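Report on the following structure.
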Amino acid sequence: MNFPQSYIDYLVHFHSDRDYFECHEILEEFWKEKEVQHRDEIWVAFIQIAVGLYHQRRNNFKGAYRMVKNARRIMKGRRTTLEELGLHAEKLLASLKSLEERIRAEKAYESFYFPLASNELQQVCKKEAANKQLLWWQPSNLSNKFIIDRHKLRDRTEIILQRETNLYKKRKNRQC
């Protein structure tokens, strides 16, 4: 089966360095590349799982719960798609329910693993992880502050410049 490269990259980061922020960035970019009418909500669910785990790891249980609950809701209606993406749909949904309950009870973060059904997907991800010099199927390194506080520590120069450009265009259009 031919899996999207962005999905493979997401899974590699998700199960290797546990950079959930990067997982979010990868799939959001992939999702936004599609025209609005062709955007598949399943990718939103994967993004929300990564964001939810990012929040849980930082003890933001309210945000984590909201993200995981919505991701599970989306995925419940997409079992066939999950199977096509090389996952055990029922195992994943059960794991997400358990995760949702852990978060609701404000229990400490534990690394989450997608139940892979496809040996091909697993082998592709292992190879890609090795190419990126990452160890496949690793738990989170909770002492890595860059991964845990990525949103605070990243270079935001590009985002700030884009906001300034948009603000300039907005003001210019008002003057016309």
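Remember, predicted model here, so these are calculated numbers, not experimental data. Values below: all heavy atoms of this structure, side chains included; hydrogens, waters and symmetry mates excluded.
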Taken to the nearest 0.5 Å, the spacing of Glu100 CD from Asn70 CG works out to 10.0 Å

Heavy-atom distance under 4.5 Å between the side chains of Cys125 and Phe114, does that happen here? no

Value for CZ (Phe61) from CD (Gln56), rounded to nearest 0.5 Å, stands at 6.0 Å

_Verify same cluster id: Leu135, Leu11 (apolar side-chain graph, 4.5 Å)_ = no

All heavy atoms of Ile8 vs all of Phe3, minimum pair found to be CD1-O, 3.8 Å

Electrostatic pair Glu101:Lys97 at N-O distance under 4.0 angstrom = yes

Distance col, row Ile49:CD1 vs Leu27:CG, nearest 0.5 angstrom, shows 10.0 Å

Distance col, row Glu22:CD vs Asp17:CG, nearest 0.5 angstrom, shows 8.0 Å

Side-chain heavy-atom pair Arg79, Glu90 within 4.5 angstrom cut-off: yes

Between the CD1 atom in Ile42 and the CG atom in Leu82, the distance rounded to the nearest 0.5 Å is 4.5 Å

field: Close side-chain approach of Arg66 to His55, heavy-atom, < 4.5 Å
entry: no

Exercise for review: Check the hydrophobic clustering (I, L, V, M, F, W, Y; side-chain heavy atoms under 4.5 Å; chains of links allowed) and say if Tyr113 and Leu121 are grouped together.
Suggested key: yes

**Q.** Residue pair Gln123 / Glu120, side-chain heavy-atom distance below 4.5 Å
**A.** no

When every non-hydrogen atom of Ala129 is compared with those of Ser16, the smallest separation belongs to CB-OG, 3.8 Å

Tightest non-hydrogen contact, residues Phe14 and Cys23, listed as N-SG, 3.4 Å

Checklist entry - Can you check side-chain contact (heavy atoms from CB on, under 4.5 Å) on Val36 and Arg39, steps first, answer last? => result CA-CA 5 Å; Val36 173; Arg39 290 181 180 167; 4.1 Å; yes

Rounded to the nearest 0.5 Å, the NZ atom of Lys32 sits from the CZ atom of Phe30 at a distance of 14.5 Å

Is atom NZ of Lys132 surrounded by more than 12 heavy atoms (other residues, nucleotides or ligands) closer than 6.0 Å?
-> yes

Donor + acceptor pair across side chains of Gln5, Asp9 (<3.5 Å)
yes

Mind checking whether His15 and Trp137 have parallel, tilted or perpendicular rings, split at 30° and 60°? parallel

Quiz prompt | Over 12 foreign heavy atoms within 6.0 Å of CZ, Arg104 | solution = no

Q) Does Arg102 use its side chain to pair, donor to acceptor, with the backbone of Ala108 at less than 3.5 Å? A) yes

- Any donor-acceptor pair under 3.5 Å linking the side chain of Arg18 with the backbone of Phe112? yes

- Under a 4.5 Å cut-off applied to non-hydrogen side-chain atoms, are Leu134 and His13 in contact? yes

Show your reasoning for whether side-chain contact (heavy atoms from CB on, under 4.5 Å) applies to Tyr109 and Arg58.
CA-CA 8 Å; Tyr109 165 85; Arg58 301 185 77 255; over 6 Å; no

Closest non-hydrogen atoms of Val12 and Glu128, given as atom of the first, atom of the second and distance, are CG2-CB, 3.8 Å

task = Show the numbers, then the answer: is there a side-chain contact (heavy atoms from CB on, under 4.5 Å) between Ile74 and Gln48?
result = CA-CA 10 Å; Ile74 292 168; Gln48 289 178 331; 3.8 Å; yes

Closest non-hydrogen atoms of Tyr54 and Ile147, given as atom of the first, atom of the second and distance, are CE1-O, 3.5 Å

*Does a side-chain N-to-carboxylate-O contact under 4.0 Å join Asp40 and Arg78?*
yes

Closest non-hydrogen contact found for Asn141 with Ile148 is O-CD1, 4.3 Å

For this session: Evaluate the side-chain proximity of Asp19 to Asn144: yes if any heavy-atom separation is below 4.5 Å, no if none is.
Result: no

*Report the relative orientation of the aromatic rings in Tyr10 and Tyr7; use parallel for angles under 30°, tilted for 30 to 60°, perpendicular for over 60°.*
parallel

Give a yes or no answer on whether the side chain of Ser111 reaches the backbone of Ser140 with a donor-acceptor pair at less than 3.5 Å. yes

Exercise for the section: Might you confirm whether atom CD of Glu29 has over 12 heavy atoms from other residues, nucleotides or ligands at distances under 6.0 Å? Expected result: no

